[in-house]
Amino acid sequence: MVRQPGFFDLSDRHEALSAAGDPLERLAAVVDFEVFRGPLVAALRCGPRGKGGRPPFDPVLMFKILVLQALYSLSDEGTEFQIKDWLSFQRFLGLVLDGTVPDATTVWLFRERLVKAKAIDKLFARFDAALTDRGYLAMGGQIIDATVVPAPKQRNTEEEKAAIKEGRIPERWKDRPAKVRQKDRDARWSVKYTKAKVKEGADPTAFKPVDLAIPMFGYKNHIGIDRAHGLIRTWDASAANAHDGARLPVLISPDNTASGVWADTAYRSKKNEAFLAKGMFTSHIHQRKPHRRAMPQRIARANARRSAVRSAVEHVFAGQKHRMGLVVRTIGIARTRIKIGMANLAYNFQRLAWLEGRTAPA
């Protein structure tokens with residue numbers, strides 16, 4: 001006969017989790033999730049409930065479930081299972097062992113309501129205000145960049161691809177509404193180029209590495225971080241084929257206490273330089289290599305100095321892709337925005353926990 005765990009058994013397990021360094025415990029101690037209650041209630045428009053039926057789950061609890069999804073790259077079904085299975089998840093959510101766990105459908109419906117309310121921007125802005133209140137001002141200038149977030153590849157014919165690019169529904173799909181719902185018509189293909197590097201002192205007659213062009217399908221996460229704290233301050237989402245430079249005006253924050261702006265060559269254009277100059281910003285955007293000519297030494301040295309600062313934004317993308325496993329499993333740009341927005345929020349939660357831990361007394 002299996003003995004039911006008692007209070008002290010559960011307390012001992014919680015102590016063991018804490019001793020092992022449960023990251024969710026640290027996150028819950030650092031982030032005040034109650035600051036999101038106002039925007040969540042406003043977005044969900046929770047009115048008086050009629051008689052009968054199960055009472056709705058607390059909106060902050062449901063929001064914290066979306067945080068878990070973003071941190072651990074979980075599907076709705078995987079989230080339901082892991083909450084039931086992992087004690088650390090239950091403690092983070094404030095659930096008891098025999099408590100009711102929201103099922104996958106409930107999680108999906110909650111996220112859909114946030115999508116329809118376009119709530120992610122207000123939730124992100126609310127936490128950014130909370131960061132400022134805690135003394136984490138946007139300082140030191142800002143660094144802009146973008147990365148492709150992969151999505152499931154679509155298997156379409158050439159005719160269907162052409163129709164999607166033109167913004168039309170393919171003729172063969174018009175009498176098949178289920179197929180239209182299952183097809184992502186907002187994601188696009190893009191090509192990521194990797195520059196081959198030759199090691200210094202390498203044999204000139206030896207095989208030289210070649211540049212690679214890697215096709216990728218999905219969306220883009222455009223972000224702007226502050227140089228002082230490395231926190232994401234502005235963001236946007238788009239199809240993977242969107243031009244990075246066109247998003248610069250959207251990503252520039254007027255709240256940063258310094259005027260410097262760092263970005264790679266994709267953001268250098270006369271239009272962007274004029275925009276920065278008009279806003280009294282100082283451009284540190286990389287300069288391009290002259291066409292069919294060697295890069296002048298002075299420009300190469302200037303770009304190297306810029307790279308030393310700009311490279312900080314790559315740490316954000318590395319954290320999201322490798323530690324958080326950021327991918328898009330949803331269909332359409334509206335749902336993708338909340339997925340990418342939650343990933344950016346979750347990264348800021350982790351970054352805040354690291355910043356607080358660095359300054360905490362030993």
Side-chain angles (χ1 to χ4, degrees), residues 22-47 49 55-74 76 79-80 82-83 88-95 99-102 106-138 221 223 225-226 229 231-237 253 255 316 319-320 324 326 330 334-356:
D22 180 9
L24 291 177
E25 182 183 31
R26 176 62 180 163
L27 206 65
V30 169
V31 179
D32 179 13
F33 286 98
E34 283 298 315
V35 302
F36 297 104
R37 184 173 295 278
L40 286 171
V41 171
L44 298 171
R45 294 185 175 86
C46 299
R49 189 171 58 88
F57 288 100
D58 180 69
V60 176
L61 165 70
M62 297 302 299
F63 176 75
K64 290 169 77 174
I65 290 177
L66 299 189
V67 173
L68 290 175
Q69 282 191 318
L71 287 174
Y72 297 98
S73 189
L74 296 171
D76 294 338
T79 302
E80 179 187 353
Q82 297 296 0
I83 292 172
S88 61
F89 277 26
Q90 294 171 20
R91 180 167 68 166
F92 176 71
L93 297 173
L95 298 174
T100 305
V101 174
T106 303
V107 175
W108 184 86
L109 289 171
F110 176 78
R111 190 172 56 248
E112 282 293 293
R113 293 178 70 183
L114 294 184
V115 169
K116 291 179 181 178
K118 299 180 180 179
I120 188 61
D121 293 304
K122 292 180 180 178
L123 292 168
F124 191 90
R126 181 66 191 88
F127 187 64
D128 191 64
L131 287 172
T132 301
D133 292 342
R134 293 178 66 161
Y136 290 97
L137 301 174
N221 182 17
I223 66 170
I225 69 170
D226 68 89
H229 306 296
L231 291 159
I232 301 173
R233 299 293 183 167
T234 57
W235 71 280
D236 197 12
S253 171
D255 299 327
V316 179
Q320 289 184 329
M324 295 166 55
L326 176 58
T330 55
R335 295 186 177 109
T336 295
R337 275 193 65 82
I338 196 166
K339 279 287 188 177
I340 290 179
M342 285 302 304
N344 292 334
L345 260 177
Y347 175 84
N348 275 356
F349 296 160
Q350 290 186 320
R351 183 69 181 178
L352 177 61
W354 182 84
L355 291 168
E356 290 283 296

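- Separation of atoms CZ (F124) and OG1 (T234) is listed at 7.5 Å; rounding is to 0.5 Å.
- Partners of R111 according to the salt bridge (Lys or Arg N to Asp or Glu O under 4.0 Å) rule, which considers only residues two or more places apart in sequence or in another chain, are D76.
- Annotation: side-chain contact (heavy atoms from CB on, under 4.5 Å) contacts of L109 (sequence neighbours excluded): T105.
- Using modelled atom types, one side-chain atom of Q90 and one backbone atom of I83 make a donor-acceptor pair closer than 3.5 Å.
- Using a 4.5 Å heavy-atom cutoff, the side chains of Q69 and K339 are in contact.
- Smallest separation of non-hydrogen atoms from A138 and D226: CA-CB, 4.0 Å.
- Taking all atoms of both residues into account, the shortest heavy-atom contact from A346 to A70 is CB-CB, 3.9 Å.
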Assess whether side-chain contact (heavy atoms from CB on, under 4.5 Å) is satisfied between I340 and Q320, documenting all intermediate values.
-> CA-CA 10 Å; I340 290 179; Q320 289 184 329; over 6 Å; no
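- Contact annotation: the side chain of L352 approaches that of F127 to within less than 4.5 Å [non-hydrogen atoms, C-beta and beyond].
- In this structure, CG on N221 lies 6.5 Å from CD1 on I232, to the nearest 0.5 angstrom.
- With a 4.5 Å cut-off on side-chain heavy atoms, R233 and T132 count as touching.
- Using a distance-only test at 3.5 Å, with no hydrogens or angles considered, a donor-acceptor pair links the side chain of H229 to the main chain of L137.
- The side-chain heavy atoms of R337 and D121, taken from C-beta on, include a pair separated by under 4.5 Å.
- Listed here is the closest heavy atom pair of A43 and A117: O-CB, 3.5 Å.
- Taking Y72 as the reference, F89 meet the ring pair (Phe, Tyr, Trp, His ring centres under 6.0 Å) condition, with sequence neighbours excluded.
- Here D236 contributes atom CG and I223 contributes atom CD1; the two are 12.0 Å apart, rounded to the nearest 0.5 Å.
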Please report the C-alpha distance between F110 and I65 in whole Å, then the side-chain angles of each, then the deciding distance to 0.1 Å, and finally whether the side-chain contact (heavy atoms from CB on, under 4.5 Å) criterion is met.
-> CA-CA 10 Å; F110 176 78; I65 290 177; over 6 Å; no
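- Between T330 and V115 there is no side-chain heavy-atom pair separated by less than 4.5 Å.
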Considering only distance and modelled atom types, tabulate donor-acceptor pairs under 3.5 Å from the side chains of residues 55-62, sequence neighbours left out.
unit_1, atom_1, unit_2, atom_2, d
D58, OD1, R37, NH1, 2.8
D58, OD1, R37, NH2, 3.2
D58, OD2, R37, NH2, 3.3
D58, OD2, V60, N, 3.1
D58, OD2, L61, N, 3.2

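- Atom CG of D22 and atom CZ of R91 lie 5.0 Å apart (nearest 0.5 Å).
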Could you please spell out the steps behind the side-chain contact (heavy atoms from CB on, under 4.5 Å) verdict for N348 and N344?
-> CA-CA 6 Å; N348 275 356; N344 292 334; 6.0 Å; no
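- Contact annotation: the side chain of L114 never approaches that of I120 to less than 4.5 Å [non-hydrogen atoms, C-beta and beyond].
- The aromatic rings of F63 and F36 sit tilted relative to each other, their planes meeting at an angle between 30° and 60°.
- The two residues L27 and A353 make their nearest non-hydrogen contact at CD1-CB, 4.3 Å.
- Side-chain N or O atoms of R351 include none that pairs as donor or acceptor with a backbone N or O of L231 at under 3.5 Å.
- Counting only residues at least two apart or in different chains, salt bridge (Lys or Arg N to Asp or Glu O under 4.0 Å) contacts with residues 60-73 are absent.
- Residues W354 and R26 are not in side-chain contact: their nearest non-hydrogen atoms beyond the backbone lie 4.5 Å or more apart.
- For the atom pair CE (M342) and CE (M324), the distance works out to 9.0 Å, reported to the nearest 0.5 Å.
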side-chain contact (heavy atoms from CB on, under 4.5 Å) between V31 and V67: does it pass, once the steps are laid out?
-> CA-CA 12 Å; V31 179; V67 173; over 6 Å; no
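- Taking CG of L345 as the reference point, atom CH2 of W235 lies at 8.5 Å (rounded to 0.5 Å).
- The salt bridge (Lys or Arg N to Asp or Glu O under 4.0 Å) check on R126 picks up nothing, with sequence neighbours excluded.
- Residues V30 and L355 have side chains not in contact (no heavy-atom distance under 4.5 Å, counting atoms from C-beta outward).
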